Amino acid sequence: MRDQLQRLLEAAIDQLRRQGLLPEQARVAVRVDRARDSAHGDFASNIALMLAKAAGMPPRKLAERIVAALPKDPSIRRVEIAGPGFINFFLDPAAQFAIVRRVLEERERFGRSDIGRGRRIHIEFVSANPTGPLHVGHGRGAAYGATVANLLAATGFQVHREYYVNDAGRQMDILTVSVWLRYLESCGESLPFPASGYRGDYVRDIAARLRRQVGESYRRPAESVLEGLPPDAPAGDKELYIDALIRRARQLLGDQAYETVLRTALEAILADIREDLEAFGVRYDRWFSERDLVASGRVEQALALLDQGGWLYRKDGATWFASSRLRDEKDRVVVRENGQITYFASDIAYHLDKLERGFDRLIDVWGADHHGYVPRLKAAMQALGADPERLEVRLVQFAILYRGREKVPMSTRAGEFVTLRQLREEVGRDAARFFYVMRKPEQHMDFDLELAVSQSNDNPVYYVQYAHARVCSVFRQLAEKGWRRDVDQGMEALTRLTEPHEQALLATLARYPEIVERAALQREPHQLTHYLRELAGEFHTYYNAHTFLVEDAPLRNARLNLIDAVRQTIANGLGLLDVSAPESM
RNA sequence: GCGCCUGUAGCUCAAUCGGAUAGAGCAUCGGCCUUCUAAGCCGAGGGUUGCAGGUUCGAUUCCUGCCGGGCGCGCCA
């Protein structure tokens, strides 16, 4: 409908131009918006205001000419000029009824579109280091990424969801040593636990598993482990200490046993993460291993490519990428003095790999604390000859947990953080998923645990689900009263839906496909949650104001068709959020 | 110090590439269950959109400066 109005306006303006009433250069994209206020009709355009200056006439005068030149269209009942020069369109009510037919014909497909035209999008999200369970901070990225992926898939993009597993590098070594030390403890050795080791209980669990697997064969005397190590914090440097400990562990265990400890830890944690995300409704097409990437030589290849382009140089024994030539604030190390590649180097290779896999667009969802990383990665893309615009980084701000008034501590030390699993167990998947995407991603968010579990009208999840359950309940009542639904009769009688509440619902239903499209293109799932709240609200109002199961059969069936369309739309919307649509509550 | 995000009702947040009278929910106050689920509905009050300028027919939205909050500025990941 909107497109149609746009075409009509364009035609009108073309005509004015041919008549010489508008100068050639007066060209502005014609836009038609849904009117915010129903007093302004169904759609409104500000085109006369935009062109007034170029046309050299007052906006209202120009609006009058445009309206006069507007081709006739049967679905438009009336056109008004209002305010400073807005052109307001009032649609014929009959045109509004068609939405019910459309929803009930398209069913689950209602709201889906092909605007993506099959273009391939790679979306990487969560990608938390596999050094511990996911915590609530990861939850927002998970919910956001998964929902954006769903929205894109629903709008005709071919979506590939990926988790980048940072299973190479120093953090994995620290985890390995942490597990081994806990293992030694369980064997009866007594040693201090390093300041920068991983302290969570899950480390002990993995140590216990390791002990079941290998018995005491990895046991080494505490003295041999600690002998000659530099002091740990607070007296010494905890980083130097942990690095020395890592070397010692390798040396005492040998490469093979060390690798076994690492793999045991990695597999346990990855299985846990995978399970957690699955229960959260988040699935991936691929789990991409950094270790595999490094082992395949892809990192060297990527660096060689940069080198060929003249982007690398050596300084202080390290190899640097000249990213400052591409709008990064400084150059970045890709190979350290000790010969090890940096995380950044493998990330360059990873993104090169994504590009080579032929995706039209790459979306990375990161925590906002990584924002400083964006320019260097874009610089790398450009240096590799790719358009940096193909990479789109979406930064998600942190969620601060509250229990009522009280802030929930989130310190990682002492394993004090709230895990995603705990959150899900406490508030449930539906509330968690819905709450996480209720806010714009760049908004700092307060997540109130009490509110999320509360079964009341202040909980938007239940509010929306309740609307769905209520419709289902009406249909159950229909059967109990011994009536049969007649869909066709209801369609014939749609014109009986003249109540303001019904008109409002029809207009809101008609907006749904636009909402999905906008939410997808702007990567803003919160638009969908807000819409669903509004739709549910209008339904609840309608429910209270009118009885659906009336004696008048045509009217009854028309209303049933309308609320069935509402139910379907809510179910579709919740589906995109991976939130359930219960039939009773 | 530099960079990114942010500041809207008492609280949590919306506001359609700059649109008309800035909207919801919660909280507060007052109503509605012999009728399809009261996890609901109806009504009332509540605002100098952090501050000061600028651009514009029109600014919460864009620009500049200031003030406040979050985050980042490693041969860590």
Side-chain angles (χ1 to χ4, degrees), chain A residues 29 31 33-37 39-40 44-46 49-50 52-53 58-59 82-86 88 129 131 166 168-172 174 196 239 290 315-320 329-330 332-338 340-344 346-347 367-375 395 397-398 400 402 405 438-448 451 454-463 465-467 469-478 480-481 511 514-515 518 522 526-527 529-530 533-534 536-537 539-550 559-560 563 584-585:
Chain A
R31 270 193 60 211
D33 290 315
R34 285 193 179 271
R36 293 188 189 195
D37 186 338
H40 301 142
S45 178
N46 62 356
L49 293 158
M50 305 287 281
K53 184 169 276 185
F86 290 101
N88 293 338
N129 284 348
T131 51
N166 294 127
R170 185 162 170 269
Q171 295 306 316
M172 285 310 297
I174 296 176
S196 48
E239 302 301 330
E290 184 187 3
K315 192 183 83 178
D316 303 332
T319 305
W320 298 71
E329 54 185 19
K330 55 178 107 166
R332 309 290 173 177
V333 171
V334 285
V335 183
R336 287 198 283 265
E337 196 178 359
N338 64 11
Q340 285 180 336
I341 57 160
T342 60
Y343 171 83
F344 179 45
S346 52
D347 221 13
D369 53 338
H370 286 74
H371 64 79
Y373 198 80
V374 178
L395 298 170
Q397 292 288 340
F398 293 113
I400 301 164
Y402 283 85
R405 295 271 84 170
M438 241 167 37
R439 310 295 178 217
K440 306 193 263 240
E442 66 267 28
Q443 240 330 321
H444 304 260
M445 180 172 88
D446 291 342
F447 194 127
D448 187 342
L451 181 58
S454 73
Q455 298 198 348
S456 69
N457 50 359
D458 47 355
N459 189 326
V461 190
Y462 288 114
Y463 186 83
Q465 290 180 320
Y466 185 46
R470 266 185 152 175
V471 176
C472 295
S473 172
V474 172
F475 281 98
R476 284 192 295 272
Q477 281 293 320
L478 177 78
E480 278 176 33
K481 293 195 186 216
R511 272 170 49 214
E514 291 166 25
I515 294 289
R518 287 176 53 88
Q522 299 181 7
H526 78 278
Q527 295 194 21
T529 61
H530 282 275
R533 218 220 164 266
E534 188 182 333
F539 169 76
H540 287 309
T541 297
Y542 179 41
Y543 180 96
N544 276 270
H546 299 283
T547 306
F548 308 146
L549 301 178
V550 291
R559 287 182 169 170
L560 288 174
I563 65 170
S584 66
M585 289 173 72

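Throughout, protein chains are lettered first and strands after them, A, B, ... in sequence-line order, and every chain is numbered starting at 1. Keep in mind the model is a prediction, meaning the values are calculated, not measured.
- From Asp347(A), atom CG reaches atom OG1 of Thr342(A) across 9.0 Å, with rounding to the nearest 0.5 Å.
- With P as the reference atom, C17(B) and U61(B) are 15 Å apart, rounded to whole Å.
- Nucleotides A22(B) and G18(B) place their C1' atoms 14 Å apart, quoted to the nearest Å.
- Here the CZ atom belonging to Arg332(A) is positioned 16.0 Å from the OG1 atom belonging to Thr319(A), to the nearest 0.5 angstrom.
- Within 4.0 Å of His40(A), counting heavy atoms only, lies at least one base atom of the nucleic acid.
- The nearest whole Å value for the distance from the CG atom in Asp33(A) to the P atom in A20(B) is 10 Å.
- When the side chain to side chain donor-acceptor pair (under 3.5 Å) test is applied to His540(A), the partners found at least two apart in sequence or on another chain are Arg470(A).
- Atom CZ in Arg533(A) sits roughly 16 Å away from atom C1' in A15(B) (whole-Å rounding).
- Considering only heavy atoms from C-beta on, Arg34(A) comes within 4.5 Å of Glu514(A) through its side chain.
- Between the CG atom of Leu395(A) and the CD atom of Glu442(A) there is a distance of 9.5 Å, given to the nearest 0.5 Å.
- As a whole-Å value, the separation of Glu514(A) CD from C17(B) C1' is 15 Å.
- Not counting sequence neighbours, the partners of Asp369(A) by the side chain to side chain contact (heavy atoms under 4.5 Å, CB included) test are Phe398(A).
- The aromatic rings of Phe539(A) and Phe548(A) are tilted relative to each other, their planes meeting at an angle between 30° and 60°.
- For Tyr463(A) and C41(B), the shortest distance from a side-chain N or O to OP1 or OP2 is below 4.0 Å.
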All N/O pairs under 3.5 Å across the protein-nucleotides 72-77 of chain B interface:
from, atom 1, to, atom 2, distance (Å)
C73(B), O3', Lys330(A), NZ, 3.3
C73(B), O2', Glu329(A), OE2, 3.1
G74(B), OP2, Lys330(A), NZ, 3.3
G74(B), O5', Lys330(A), NZ, 3.4
C75(B), O2, Glu337(A), N, 2.7
C75(B), N4, Asp316(A), O, 2.7
C76(B), OP2, Arg336(A), NE, 2.9
C76(B), OP2, Arg336(A), NH1, 2.8
A77(B), OP1, Arg336(A), NH1, 3.1
A77(B), OP1, Arg336(A), NH2, 3.3
A77(B), OP2, Arg336(A), NH1, 3.4
A77(B), OP2, Tyr343(A), N, 3.4
A77(B), O2', Asn129(A), OD1, 3.3
A77(B), O2', Asn129(A), ND2, 2.6

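- Scored by the side chain to side chain contact (heavy atoms under 4.5 Å, CB included) test, Ser196(A) finds Lys238(A), Ile242(A) as partners (sequence neighbours excluded).
- Only the P atoms considered, G50(B) is 8 Å distant from A9(B), to the nearest whole Å.
- Comparing the same atom, C1', in G30(B) and in A39(B) gives a spacing of 22 Å after rounding to whole Å.
- As rounded to whole Å, 10 Å separates atom C1' of G18(B) from atom CZ of Phe86(A).
- Nucleotide C26(B) holds its P atom 15 Å from the NE2 atom of His530(A), rounded to whole Å.
- For the C1' atom pair drawn from C71(B) and U8(B), the interatomic distance equals 22 Å after rounding to whole Å.
- Of the candidate nucleotides G19(B), A39(B), C4(B), C4(B) has the atom nearest to the side chain of Leu395(A).
- If you check every strand for non-hydrogen atoms under 4.0 Å, Ala52(A) touches nothing.
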With the criterion being N/O to N/O and under 3.5 Å, what pairs connect the protein with nucleotides 6-8 of chain B, and how long is each?
none

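- Partners of Ala318(A) by side chain to side chain contact (heavy atoms under 4.5 Å, CB included), not counting sequence neighbours, listed by chain and number: Trp320(A), Val333(A).
- In this structure, the separation between CZ on Arg476(A) and NZ on Lys481(A) is 14.5 Å, given to the nearest 0.5 Å.
- Remark: Glu534(A) pairs with Arg511(A) by the salt bridge (charged side-chain N to carboxylate O under 4.0 Å, His left out) rule, at least two apart or across chains.
- For U55(B) and C62(B), the C1' atoms lie 8 Å apart once the distance is rounded to whole Å.
- Every residue two or more places apart in sequence or in another chain that forms a side chain to side chain contact (heavy atoms under 4.5 Å, CB included) with Asn129(A) is listed here: Thr131(A), Asn166(A), Gln171(A).
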Could you go through nucleotides 29-37 of chain B and list every protein N or O atom that sits under 3.5 Å from one of its N or O atoms, giving the distance for each pair?
from, atom 1, to, atom 2, distance (Å)
C36(B), O2, Phe548(A), N, 3.3
C36(B), O2, Leu549(A), N, 3.3
C36(B), N3, Phe548(A), N, 3.1
C36(B), N4, Tyr543(A), O, 2.4
C36(B), N4, His546(A), O, 2.3
U37(B), OP1, Ser473(A), OG, 2.2
U37(B), OP2, Ser473(A), OG, 2.9
U37(B), O5', Tyr543(A), OH, 3.4
U37(B), O2', Tyr466(A), OH, 2.0
U37(B), O2', Arg470(A), NE, 3.3
U37(B), N3, Met585(A), O, 3.3
U37(B), O4, Met585(A), N, 2.9

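- Scanning both residues, Met438(A) and His526(A), for their nearest heavy atoms gives O-CB, 3.3 Å.
- As a whole-Å value, the separation of Arg439(A) CZ from C26(B) P is 13 Å.
- Base orientation of C33(B): syn, since the glycosidic angle falls within 90° of 0.
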Parsed dot-bracket for RNA chain B after applying the Watson-Crick and G-U rules with both distances under 3.5 Å and | for other-strand partners is (((((((..((((.....[...)))).(((((.......))))).....(((((..]....))))))))))))....
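- Contact annotation: the side chain of Ile563(A) approaches that of Tyr542(A) to within less than 4.5 Å [non-hydrogen atoms, C-beta and beyond].
- The gap from the P atom of G7(B) to that of C51(B) amounts to 13 Å, rounded to the nearest Å.
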Atom pairs, protein N/O to nucleotides 55-61 of chain B N/O, distance under 3.5 Å:
from, atom 1, to, atom 2, distance (Å)
C57(B), OP1, Lys53(A), NZ, 2.8

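- Counting to the nearest Å, the P atom of A14(B) and the CD1 atom of Ile515(A) are 15 Å from each other.
- The nearest pair of heavy atoms linking Gly537(A) to Tyr463(A) is CA-OH, 3.0 Å.
- Taking OG of Ser473(A) as the reference point, atom CD of Glu480(A) lies at 8.5 Å (rounded to 0.5 Å).
- In terms of the side chain to side chain donor-acceptor pair (under 3.5 Å) criterion, residue partners of Gln527(A) (sequence neighbours excluded) are, by chain and number, Arg518(A), Gln522(A), Glu524(A).
- Atom CE of Met50(A) is separated from atom OG of Ser45(A) by 9.0 Å, given to the nearest 0.5 angstrom.
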